[in-house]
Amino acid sequence: MNKKIHNMAVFIEFLVGSGLAIFFHWVLRHEEVAYVTFAVGVLLSLATWLLREDVEKSRDALIEQYREAHEIPAAIARICDAECHARATELMASTRRTLLMLEKGYIPLDDTEFYLEGAKLSDAATHSVKAVDPMTPGWGNRGTLLNFYQANLRALGQGVAITRIFVVNRDDLADPEVQKVLLAQHGDGVNVRVAFRDELPAATDINGRDTTGSCNFAIYDDQVVTDVFAQPGKYYGRKTAQHAEVERYQRLYELIGHSAHPLALDEGNLTISSEVYAIAS
């Protein structure tokens, strides 16, 4: 109906302008005035039509924005049950946190998505993968981790340099399970290093949290970062390609790398390289 009224208004304006032009031409015999009146009438009809078109589009956009902004609060307001209302409020709080993360350029990922994304990034890497991982029992035995590590091996085969710093307790280095993981990756060509938890920087303003809570991330080609959340929650980790955020993780990697120790093969086990102690002494 609005469209019909809009079209009718344009038609009426055109008729009025044309009628005045005819009146000046045939009745008053002012041909020049008639032509000017007709031209001005056509231009005014066109201008008002364009103006109404723009106003209508703006009105539709505002109505849609209003509906989007108030649809969820209105739906929550219609919930009468107290328990359901509390649950809806909790979901909204979680959604706000997720939106805030997306606003900062981070993509939240669940467990499977996280390692799938890591595998894709490993396959797409061209020169380097720099990772920091906590040494946990059974590291690499899960299916998602195995597939992720297979992508690491493919990257190694394509000439990509992979450095992995394992964060371990000092007494765990001699543990057979830990040695098994270290030897396997060392044998595959990964540049394996270890950082002892008690030697990590005590605190840093990077990401607004302690470095000890940020020891499970990877940097791919110095362009993309994947990071595991320190605290368990709805999402397992996140990914970002924002330049400023990648630079923060680069700085964090340098801090942890400065505390890390290179390893050397000694009688079938990987130990702290004796050259390090020689330099230190």
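These numbers were taken from a predicted model, which means no experiment stands behind them.
- Residues meeting the salt bridge (Lys or Arg N to Asp or Glu O under 4.0 Å) test with Asp123, sequence neighbours left out: Arg154.
- For Ala88, the side chain to side chain contact (heavy atoms under 4.5 Å, CB included) test picks out Ile76, Ile79, with sequence neighbours left out.
- With sequence neighbours excluded, no residue forms a side chain to side chain donor-acceptor pair (under 3.5 Å) with Asn147.
- Listed by chain and number, the residues in a side chain to side chain donor-acceptor pair (under 3.5 Å) with Gln179 amount to none (sequence neighbours excluded).
- The ring pair (Phe, Tyr, Trp, His ring centres under 6.0 Å) check on Tyr235 picks up nothing, with sequence neighbours excluded.
- Expressed to the nearest 0.5 Å, how far CG of Asp222 lies from CD of Gln250 amounts to 4.0 Å.
- Screening residues 167-190 for ring-ring contact (aromatic ring centres under 6.0 Å, His included) gives no qualifying pairs among residues at least two apart or on separate chains.
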side-chain contact (heavy atoms from CB on, under 4.5 Å) between Phe166 and Asp172, intermediate numbers included: CA-CA 11 Å; Phe166 281 106; Asp172 291 341; over 6 Å; no
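- Grouping the Ile, Leu, Val, Met, Phe, Trp and Tyr side chains by contacts below 4.5 angstrom, directly or via other members, places Leu116 apart from Tyr149.
- Within 6.0 Å of NE2 on His258 lie no more than 12 heavy atoms contributed by other residues, nucleotides or ligands.
- Sorted by first and then second residue, the salt bridge (charged side-chain N to carboxylate O under 4.0 Å, His left out) pairs involving residues 96-110 (not counting sequence neighbours) form an empty list.
- Under the rule for a salt bridge (Lys or Arg N to Asp or Glu O under 4.0 Å), Asp221 has no partner lying at least two apart in sequence or in another chain.
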Could you give me the CA-CA distance, side-chain angles and deciding distance for Leu146 and Gln150, then say whether side-chain contact (heavy atoms from CB on, under 4.5 Å) is met? CA-CA 6 Å; Leu146 286 173; Gln150 288 298 318; 5.6 Å; no
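- Residues that satisfy the salt bridge (Lys or Arg N to Asp or Glu O under 4.0 Å) test with Asp266, not counting sequence neighbours, are absent from this structure.
- In this view, Asp198 and Arg170 satisfy the salt bridge (Lys or Arg N to Asp or Glu O under 4.0 Å) rule, not counting sequence neighbours.
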Taking it one step at a time, do Gln185 and Asn152 satisfy side-chain contact (heavy atoms from CB on, under 4.5 Å)? CA-CA 10 Å; Gln185 299 213 13; Asn152 282 187; 5.9 Å; no
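- Between Tyr236 and Tyr115, the ring centre distance stays below 6.0 Å.
- Under the rule for a side chain to side chain contact (heavy atoms under 4.5 Å, CB included), the partners of Ser259 that lie at least two apart in sequence or sit in another chain are Pro201.
- In this structure, Arg193 contributes its side chain and Gly257 its backbone to a donor-acceptor pair below 3.5 Å.
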Checking side-chain contact (heavy atoms from CB on, under 4.5 Å) for the pair Lys130/Ile165: CA distance, chi angles, key distance, verdict? CA-CA 8 Å; Lys130 295 179 284 188; Ile165 301 174; over 6 Å; no
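- Looking only at distances, a side-chain donor or acceptor of Thr240 sits under 3.5 Å from a matching main-chain atom of Gly105.
- Tracing side-chain contacts under 4.5 Å through hydrophobic residues (I, L, V, M, F, W, Y), one never reaches Phe114 starting from Leu102; they form parts of separate clusters.
- Within the structure, salt bridge (charged side-chain N to carboxylate O under 4.0 Å, His left out) pairs that include any residue of residues 72-88 comprise Arg87-Glu90 (at least two apart or interchain).
- A side-chain N or O of Glu247 and one of His243 form a donor-acceptor pair less than 3.5 Å apart.
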